[in-house]
Amino acid sequence: LSATDSEALPWHEALWQRLAAARRADRLPHALLLAGPAGLGKSRFARRLSNALVCPQVDEQGDPCGRCGSCRQAVAGAHPDQLWLAPEEPGKPIKIDAVRRIAARSTLSAGVAGYRVVVIDPADALNRAAANALLKTLEEPVSRSVLVLVSSHPDRLMATVRSRCQLCRFVLPPPAETRRWLAGRLEADADALLAIGGGAPLRALQAGAADWPAGDRRLLGDLADLRGRRVNPTEVVSAWAEQPLGSWFDGLGRCLVSLIGQRSGARQSAYFHPGVEDDLQNLSRNIDLSQLFELYDELMRLQREASNHLNQQMLLEHIATRWLQITRNRGR
Ligand SMILES: [Zn+2]
């Protein structure tokens with residue numbers, strides 16, 4: 001996430017105004033937990049908040065002025081009162097050393113006129129020792145210092161950490177609002193993309209904007225090779241394991257939606273994989289629509305439940321096996 005990626009999003013507005021008012025009244029909580037499903041821009045919100053809190057002269061909306069020395073430092077990602085704690089690699093835990101470094105710095109008093117802000121994103125990546133170290137910081141709040149935890153899985157946080165934060169809940173905006181927002185940004189069909197994003201606008205936008213055809217082509221090829229029993233599932237699974245789990249889920253989800261579209265005679269499949277209708281037809285030939293739906297539902301369920309602790313290999317093997325089952329004896 002770049003330092004400037006702090007765009008105001010319409011579905012954030014109520015929460016933003018609440019926090020801006022709290023700041024004006026000098027009643028900002030010491031710790032906030034930004035919680036809610038992925039794809040709603042919680043990290044962006046945290047960035048916007050962090051940029052606003054270091055600026056001593058915010059505008060009426062509570063947004064940073066963009067002109068002062070603090071704002072310039074913030075945009076350059078070099079403000080000494082802004083700390084951003086994330087795993088060294090996605091999916092890896094945040095360890096105690098990192099929390100200790102942050103804690104040591106956050107006991108210093110904040111700069112001239114702004115706040116000191118520590119963002120931990122995703123907070124559910126804190127391992128147990130790190131969370132315990134963080135608790136100490138939460139128990140001794142420092143004036144004009146705000147800790148912002150970001151999590152799509154707040155249930156995985158330690159209850160003692162959760163209970164010391166003010167909960168800021170992010171919920172899926174109404175579909176109509178999301179469609180309006182997406183429509184202004186995408187050429188593609190907003191409804192179809194929204195289905196892929198599970199209702200989360202940013203995920204839907206990503207599905208539309210990302211260079212997915214190349215990756216999806218490979219996935220469709222893998223499904224065809226499995227169906228034709230031309231490859232060993234183990235080879236396919238190890239290729240799948242090389243890409244980030246999130247993009248694999250999204251890609252396979254799109255492939256299955258295309259197959260469902262193809263099988264049910266809908267034209268919608270063309271939105272996702274134009275030009276490969278013949279491949280889709282071969283791939284979905286003789287498969288019951290209900291089985292494709294079941295597989296899709298299962299994929300979505302696994303995606304919701306997927307965690308750092310889940311065995312990724314087993315998950316991929318499971319899906320490959322399920323695909324082999326529904327295509328069994330149907331290839332000829
Ligand atoms: Zn400023």
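One-based numbering, in listed order, for ligands and for the atoms of each. These numbers come from a predicted model, not from an experiment.
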Asks: Will you find, in the side chains of Gln166 and His30, an N or O donor that is under 3.5 Å from an N or O acceptor?
Replies: no

Asks: Picking from Trp16, Phe45, Trp11, what satisfies ring pair (Phe, Tyr, Trp, His ring centres under 6.0 Å) with Phe170?
Replies: Phe45

Asks: Answer yes if Val150 and Val171 sit in the same cluster of Ile, Leu, Val, Met, Phe, Trp and Tyr residues linked by side chain heavy atoms under 4.5 Å apart, and no otherwise.
Replies: no

Asks: Near the Zn ion (ligand 1), meaning under 2.8 Å, how many protein N/O/S atoms are there?
Replies: 4

Asks: What about Ile96 and Leu134, same hydrophobic cluster or not, with Ile/Leu/Val/Met/Phe/Trp/Tyr joined at side-chain heavy-atom distances under 4.5 Å?
Replies: no

Asks: Assess the side chains of Asn232 and Thr234: does a donor N or O sit below 3.5 Å from an acceptor N or O?
Replies: yes

Asks: Hey, are His79 and Ser70 close enough side-chain-wise for a donor-acceptor pair under 3.5 Å?
Replies: yes

